[in-house]
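These notes are about the structure you will find just below.
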Amino acid sequence: MLVNMRNLLTDAKSGNYAVGSFSVANMEMVLGILKAAEELNSPVILQIAEVRLRQSPLEIIGPLMVAAAENAGIPAAVHFDHGKTMKKISQALDIGFTSVMFDGSHLPLDENIAQTKEVVAMACEYGAAVEGEIGCVGGSEDGSENIAANCTNPDDALLFESETGADAIAVAIGNAHGNYKSAPKLRFDILEQCSKLVSVPLVLHGGTGISDEDFIKCSKTGVKKINIATATFDSVENTVRRCYNENAINGYYDLQAAEVEGAYRNAKRHILIFGSDNKA
Ligand code: 13P
């Protein structure tokens with residue numbers, strides 16, 4: 001059932017767990033993630049970032065994601081991740097995405113606030129939710145840019161919340177996109193201050209490579225949406241490789257099944273850590 005991310009995160013807040021927001025690049029990943037969520041009776045978010053549209057065009061993958069969520073046996077939101085341009089954000093809303101992120105983290109604070117406000121007004125016409133980002137999560141979603149991490153100033157987060165009316169705020173607490181070169185040391189002191197000051201759910205980007213303990217700690221400290229991308233892509237690739245090595249792939253449909261399996265395993269693992277199982 002296609003739902004609004006706002007409702008999923010409100011329930012996660014009262015239930016003290018986090019919802020996994022899984023990046024997808026094709027139908028096989030969508031099927032694998034929904035299979036895991038359905039099996040575990042968990043709400044879930046399917047997302048795609050604007051930088052990934054080169055490989056997976058929005059006008060093709062967007063309707064696929066929405067249709068898959070509509071047909072899912074659990075509540076599923078469809079989210080546009082790291083929106084950079086008003087054009088693509090409005091296209092995602094037209095397609096039926098139930099939430100969009102505007103990533104103004106590279107802008108000066110006042111400009112980030114002003115542009116996020118524009119997106120909130122646009123999304124409001126569709127009843128869709130908006131995620132903003134304050135501070136700067138390291139790296140870019142597709143690894144093409146070496147963006148330096150810049151931890152969130154909790155007072156800025158409070159100002160951002162009251163000025164923009166965003167439904168969720170992504171924080172930077174030492175997290176980064178892609179595989180970490182060394183184990184991340186998350187700034188729980190900053191997260192605690194943000195969660196005390198800000199009332200909307202917080203979002204953790206760069207989920208790949210964060211320890212189970214840290215995920216759980218985040219989910220109990222205001223983080224209600226956790227983004228996972230690279231871990232899914234790696235799991236799909238590794239599962240396919242293993243199946244080839246074991247001579248388990250004989251023909252295209254075995255390959256397709258291995259891709260679904262890779263996405264399924266990764267989503268299942270994360271849903272159980274985030275504690276959203278049996279919360280659908
Ligand atoms: P990872 O690729 O590190 O899991 O990050 C995902 C993400 O934050 C997408 O916005």
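Order of listing sets the numbers, starting from 1, for every ligand and every atom in it.
The residues lining ligand 1, counting any heavy atom closer than 4.0 Å, are Gln47, Asp81, His82, Glu141, Ala176, His177, Gly178, His205, Gly206, Gly207, Thr208, Asn227, Ile228, Ala229, Thr230.
For His270 and Phe215, the ring centers sit closer than 6.0 Å to each other.
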Only distances under 3.5 Å count here; give the side-chain donor-acceptor pairs of residues 52-64 to other protein atoms, sequence neighbours excluded, each with its distance to 0.1 Å.
from	atom 1	to	atom 2	distance (Å)
Arg52	NE	Glu141	OE1	3.1
Arg52	NH2	Glu141	O	3.3
Arg54	NH2	Asp142	OD2	2.9
Ser56	OG	Ala25	O	2.8
Glu59	OE1	Gln91	NE2	3.1

Got a list of side-chain donor-acceptor pairs under 3.5 Å for residues 151-160, not counting sequence neighbours?
from	atom 1	to	atom 2	distance (Å)
Thr152	OG1	Ile134	O	2.6
Thr152	OG1	Ala172	N	2.7
Thr152	OG1	Ala172	O	3.4
Asn153	OD1	Asp155	N	2.9

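The list of side chain to side chain donor-acceptor pair (under 3.5 Å) pairs with a residue in residues 3-12, not counting sequence neighbours, reads Arg6-Asp167.
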Is there a side chain to side chain contact (heavy atoms under 4.5 Å, CB included) between Arg242 and Thr239 once you walk through the steps?
CA-CA 5 Å; Arg242 181 177 51 77; Thr239 306; 3.6 Å; yes
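Residues Glu131 and Lys225 are in side-chain contact: their nearest non-hydrogen atoms beyond the backbone lie under 4.5 Å apart.
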